[in-house]
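Keep in mind it's a predicted model, so treat the numbers as computed, not measured. First the proteins, then the strands, lettered A, B, ... as listed; each starts at 1.
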Number of protein chains: 2
Amino acid sequence: MAAQNKGPGGKQPTINDVAALAGVSKKTVSRVINRSEFLTDKTRAAVEKAIEQLGFVPNPQARALAFRRNFLIALLHDNPNAQTVLNFQRGVLDAIKDSDLALLVRPVDRGSDKMLEDVRTFLEKQRPIGAMLLPPISENDDLAALCEDLGVRYVRIGSARIDDAKHCISSNDREVVAEAVRGLLAFGHRRIGFVRGPVGFRSAAEREEGFREALAQAGLELAAELYAPGNYRYTAGIEAGEALLSLSAPPTAVFCSNDEMAAGLMSVAHSKGIKVPGELSIIGFDDSPTATHIWPALSTVRWPIREMGIRAAQTLVPDFLGPGAKAAGDESNVLASTFVERQSVAAPPGR
Amino acid sequence: MAAQNKGPGGKQPTINDVAALAGVSKKTVSRVINRSEFLTDKTRAAVEKAIEQLGFVPNPQARALAFRRNFLIALLHDNPNAQTVLNFQRGVLDAIKDSDLALLVRPVDRGSDKMLEDVRTFLEKQRPIGAMLLPPISENDDLAALCEDLGVRYVRIGSARIDDAKHCISSNDREVVAEAVRGLLAFGHRRIGFVRGPVGFRSAAEREEGFREALAQAGLELAAELYAPGNYRYTAGIEAGEALLSLSAPPTAVFCSNDEMAAGLMSVAHSKGIKVPGELSIIGFDDSPTATHIWPALSTVRWPIREMGIRAAQTLVPDFLGPGAKAAGDESNVLASTFVERQSVAAPPGR
DNA sequence: TTGTAAGCGTTATCAC
DNA sequence: GTGATAACGCTTACAA
């Protein structure tokens, strides 16, 4: 724990106080702070001792000013779901823990027509080194262009490659969804419903493609009546459930493009007295807290979101993170999601 | 939208550029930025025009340095649940939107024995004006003392008054829980189970007191067998459910100290074929996303968490938020939680 | 390897 | 009301 001394005058000690105490120039102290190589072990030790003794902590604002750059990175999100944001954030913080960086979190309202302007104001004011864009706003090309324009680095997180590897961390949604659906097929399901995410979302499109891919491989096609639109909200799951489950020939399994809609669909099944998974198998996507809180627990797809946070930081500011940062594995920046089996999937009735 | 000019040299325009363009001294520009009263409307207008024209944005680091204070406030949390953190954060951002403040978010690990040291390092490095502590870490007195010690303002969020009104935003957990339980009693429930939160959490104690209070008012007492320990986790709800629902005389209703445990308990009810709410009423606490995602939707208690975020910011930095900040209502800083009725409560069997 | 001087973009002081 | 000048705490030249 740092010493409690406040330096002369009872204030925070400054680099000058350290320099005076150590009997060196402030530049030498600065060198120690910034880990310059050209220093005698002896002077370094003397300075470090003085720093310790005074409890000196460099003023980040002063450093930022002198460096003509601050040490902030920003996380921009539109609250896709709270757990995702927080897990990602945790990953970022893991990555920057031993650096001088600090994290600014900024919710943005993608519905607002002032969104771009708001972000611009934010970036101009804070001037972070870089920004990390979480889906769905990561899919907004204008936002990326804005960052570019302002000289703010950026990384976009997505369900698929939506930018080059330097600017994009992505998962393999399509493949994993296909895998999940193949599991359903292996169980013997043939009438499989699909609840889609919102129009215009890349993630929604990816998941649909994965779904259709798996079906096609099995020589099947998605019947129009088994297709339900949606918007990633619980109520959309309800509506989809009401449509799908009152069909004269209802599906024996449904893939929902996220957990929340899966929960909605499941509640409809419950109210109709349809047994899950006995009479209806359900798969979700996200592995949100909801997935384990509903009954039966939902089979779903898990994004390696914390890992993506780490990777995003490493991609955004490798030069601030020390040597370990680049040795982080696959340079393509595609991280694998995994299918999580729980209790909401079983063989269809009569198999 | 701000102009795109980068000033002379292609860089960000500075106060000097503005001064030159407006034909005034930089100090005058500074006065305009800081809304000094002593200015001719004419000069002010001239400066504002120059600012607009150059797209000038004051450098916050330089301001921070000159002011000897930065414009950061920090949100410290231990991820009680993601939605809470994000909603609170949103409230804070609502409150500081038109100010110069920025928000730093910092997860802390209350389990770690280095927790205090970590927070100290963070506060010393960033030197925020103030810190907002979310439960459960808000209950840690050492943390508050640390802030005090470092000259960092603080506000603690809690389920009950855990500090004086200047340092505490609280809700009335006890009362609302009592109200919810009175509702159960009015339905005719007499055997009401209780699932507690973790030992050492003030919120858990408050909720228990509210529960017992309502029972006592009705001349009832909590039977030992109807009391289940817990820790706010889903699995604790499972365990409580297994204990409570296999009693020879099981409860007809259970109050769970949070939604997550309520979800666990509900899943046990489902697996045992116990109908909710027909045979078992359940009440949770938090109004988390889970509450609406499970089936049947959970009656629960909602914290005015976003409002608390607003209030917390207003209490922490009223001097940075303009005149509206203090007119925010009840000076005691106690905000009311509300009981949210959904589908998990009904009359006990046979009534 | 270390020190000196100048400057980063802003505000405070104190004259005018 | 407004402006010169000196801070603020640090880094980057460049010199020694």
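- Scanning for side-chain contact (heavy atoms from CB on, under 4.5 Å) contacts around A:Leu21 gives A:Ala50, A:Gln53, A:Leu54, with sequence neighbours left out.
- In this view, B:Asp319 and B:Arg153 satisfy the salt bridge (Lys or Arg N to Asp or Glu O under 4.0 Å) rule, not counting sequence neighbours.
- For A:Asp142, the salt bridge (Lys or Arg N to Asp or Glu O under 4.0 Å) criterion is met by no residue, not counting sequence neighbours.
- Shown here are the ring pair (Phe, Tyr, Trp, His ring centres under 6.0 Å) partners of B:Phe56, two or more places apart in sequence or in another chain: there are none.
- Listed by residue number, the members of residues 41-48 of chain A with any heavy atom below 4.0 angstrom from DNA chain D form an empty set.
- Axis orientation changes by 30° from one end of the helix from C:dT1-D:dA16 to C:dC16-D:dG1 to the other, with each end axis drawn from 5 pairs and the value rounded to 10°.
- Every side-chain contact (heavy atoms from CB on, under 4.5 Å) that A:Pro304 has, sequence neighbours left out, goes to A:Glu307, A:Met308, A:Leu335, A:Ser337.
- Residue A:Asp41 qualifies as open at atom CG: its count of foreign heavy atoms under 6.0 Å is 12 or below.
- Evaluation of the side-chain contact (heavy atoms from CB on, under 4.5 Å) rule for A:Thr121 yields no partner, not counting sequence neighbours.
- Note: CZ (A:Phe38) to C1' (D:dT12) measures 15 Å, nearest angstrom.
- A ring pair (Phe, Tyr, Trp, His ring centres under 6.0 Å) check over residues 97-154 of chain A, counting only residues at least two apart or in different chains, returns the pairs A:Tyr154-A:His167.
- Per the geometry, CD belonging to A:Glu37 stands 13 Å off P belonging to C:dT2, to the nearest Å.
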Checklist entry - With the sugar-phosphate defined as primed atoms, P, OP1 and OP2, and the base as all remaining atoms, what B/S/- string results for nucleotides 3-12 of chain C, 5' to 3', for protein heavy atoms under 4.0 Å? => result BB--BBBBBB
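- In this structure A:Ala20 satisfies the side-chain contact (heavy atoms from CB on, under 4.5 Å) test with no other residue, sequence neighbours excluded.
- Residue pairs meeting the ring pair (Phe, Tyr, Trp, His ring centres under 6.0 Å) criterion with at least one member in residues 75-106 of chain A: none, sequence neighbours excluded.
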